[in-house]
Amino acid sequence: MTTIARKIQMVDLIGQYQKIQKEVDDAVLNVIRSSAYINGPEVKSFKAELEAYLKVKHVIPCANGTDALQIAMMALGLKPGDEVITADFTYVATAEVIALLGLKPVLVDVYPDTFDINVEAIEKAITPNTKAIVPVHLFGQCADMERILAVAKKHNLFVIEDTAQAIGADYTFSDGRVAKAGTMGDVGCTSFFPSKNLGCFGDGGAMYTNSDDLAAKMQMIANHGQSVQYYHDSIGVNSRLDSIQAAILRIKLRHLDNYAAARNKAADYYDKAFAGHPKLKTPKRAKNTNHVFHQYTLQLSGADRSALKDFLAKKEIPMMIYYPVPLHLQKAYLDPRYKQGDFPVTEQLCSSVFSLPMHTELDEETLKYITDSVKEFLK
Ligand SMILES: *Cc1c(COP(=O)(O)O)cnc(C)c1O
């Protein structure tokens with residue numbers, strides 16, 4: 001049995017909330033008392049504050065990260081049959097919206113050490129029908145954006161960054177220019193799902209762009225395709241961030257860099273504790289990007305992963321598998337173009353990765369208990 005007072009969780013949302021409770025409670029009550037529940041001043045302020053934080057011209061809040069991806073693809077004018085390249089190793093939402101819009105998801109493998117989309121594989125997958133690339137900044141660090149943007153430019157493709165897991169991460173170009181994840185391509189799409197690095201207390205999401213034209217289109221699509229009330233210029237959707245969520249996000253945005261620092265501190269502890277372990281491969285920090293550790297994901301070899309999960313569960317330590325099945329082997333995405341063995345890196349990762357608790361409230365005592373327990377099983 002654990003000696004630790006609070007139950008260990010993958011993400012400790014209560015612990016994080018308690019530290020900002022008074023401020024959050026007041027902000028939520030203020031919205032309730034104001035009755036400006038939709039598109040109120042909190043949403044406008046959050047939008048402006050996130051634009052300033054990201055140094056991006058436009059942030060368009062919406063209802064969730066999946067909607068953000070969908071609205072971005074609609075605004076870019078992608079048409080049924082257009083091919084969109086994305087990673088086989090990702091959360092399903094990325095490919096889901098591609099398929100939902102009648103576009104053709106074209107999957108490519110990832111790099112085995114950083115889990116990022118493989119840029120050589122992107123180039124090989126390009127055909128005359130390719131219209132866009134969706135790099136996923138998986139687990140909290142940026143894909144190799146400089147090379148991806150070069151490929152996109154050469155082939156005249158849109159780049160939609162799925163930055164649901166990497167809000168706040170910085171990417172450094174070879175000329176020294178630094179940009180936030182999601183602000184480098186045509187559009188960046190993020191999620192404020194509670195367990196994301198900047199999470200609200202429900203669903204939320206946003207698109208980012210530096211293009212005035214795209215911003216206007218996304219704003220319009222997110223609001224039933226209307227630019228003037230009751231005049232509908234395009235078919236849109238209903239996708240809004242609630243004022244209550246915006247009020248919470250404004251407070252948490254001020255802590256985001258500290259949250260990332262706390263996550264990095266935990267990751268450093270894990271790295272050190274597992275360094276050189278013959279059965280464990282710690283996550284590699286990619287070049288040109290810092291890591292905001294949405295997840296701390298290891299690769300296991302020479303041991304049974306589900307037995308490790310059971311062993312840890314008995315010690316009340318959760319572990320998760322992100323992700324157990326490659327997209328091309330998911331029932332909904334089976335396609336005669338793809339078969340088992342086509343994406344060997346992703347397939348290998350899906351059978352070997354596991355993620356340990358990662359959040360802003362991990363203390364050394366807990367980290368020691370977790371890492372000692374993992375090592376005890378692997379002895
Ligand atoms: C969470 C997530 C999404 C979707 O965000 P929701 O707000 O849950 O719709 C999309 N892509 C990735 C990589 C994610 O992790």
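Count residues from 1 along the sequence. Whatever order the structure lists them in is the order used to number ligands and atoms, beginning at 1.
Between the OH atom of Y208 and the CE atom of M184 there is a distance of 10.5 Å, given to the nearest 0.5 Å.
Atom 15 (O) of ligand 1 has Q165 NE2, 2.8 Å as its closest protein atom, hydrogens excluded (heavy atom only). For atom 11 (N) of ligand 1, the closest heavy atom belonging to the protein is D162 OD2, 2.8 Å. In this structure, the protein non-hydrogen atom closest to atom 8 (O) of ligand 1 is S191 OG, 4.1 Å.
Closest heavy-atom approach to atom 4 (C) of ligand 1 within the set T66, D67, V92: this belongs to T66.
In this structure the side chain of L107 never reaches within 4.5 angstrom of the side chain of F89, judged on heavy atoms. Looking only at side-chain heavy atoms (C-beta outward), M358 and H294 stay at 4.5 Å or farther from each other.
Between Y171 and N290, the side chains place no donor N or O within less than 3.5 Å of an acceptor N or O (distance only, hydrogens not considered). A donor atom on one side chain and an acceptor atom on the other are found under 3.5 Å apart for Y296 and D271.
For a threshold of 3.5 Å applied to N or O pairs, the pair formed by G65 and ligand 1 contains at least one separation below that value.
Interface atoms of ligand 1 facing N64, defined by a heavy-atom separation under 4.0 Å, are 7 (O), 9 (O). Heavy-atom proximity to K196, at under 4.0 Å, picks out these atoms of ligand 1: 1 (C), 2 (C), 3 (C), 5 (O), 14 (C), 15 (O).
Salt-bridge annotation for K314 and D310: absent, with no side-chain N of the basic residue lying under 4.0 Å from a carboxylate O of the acidic one.
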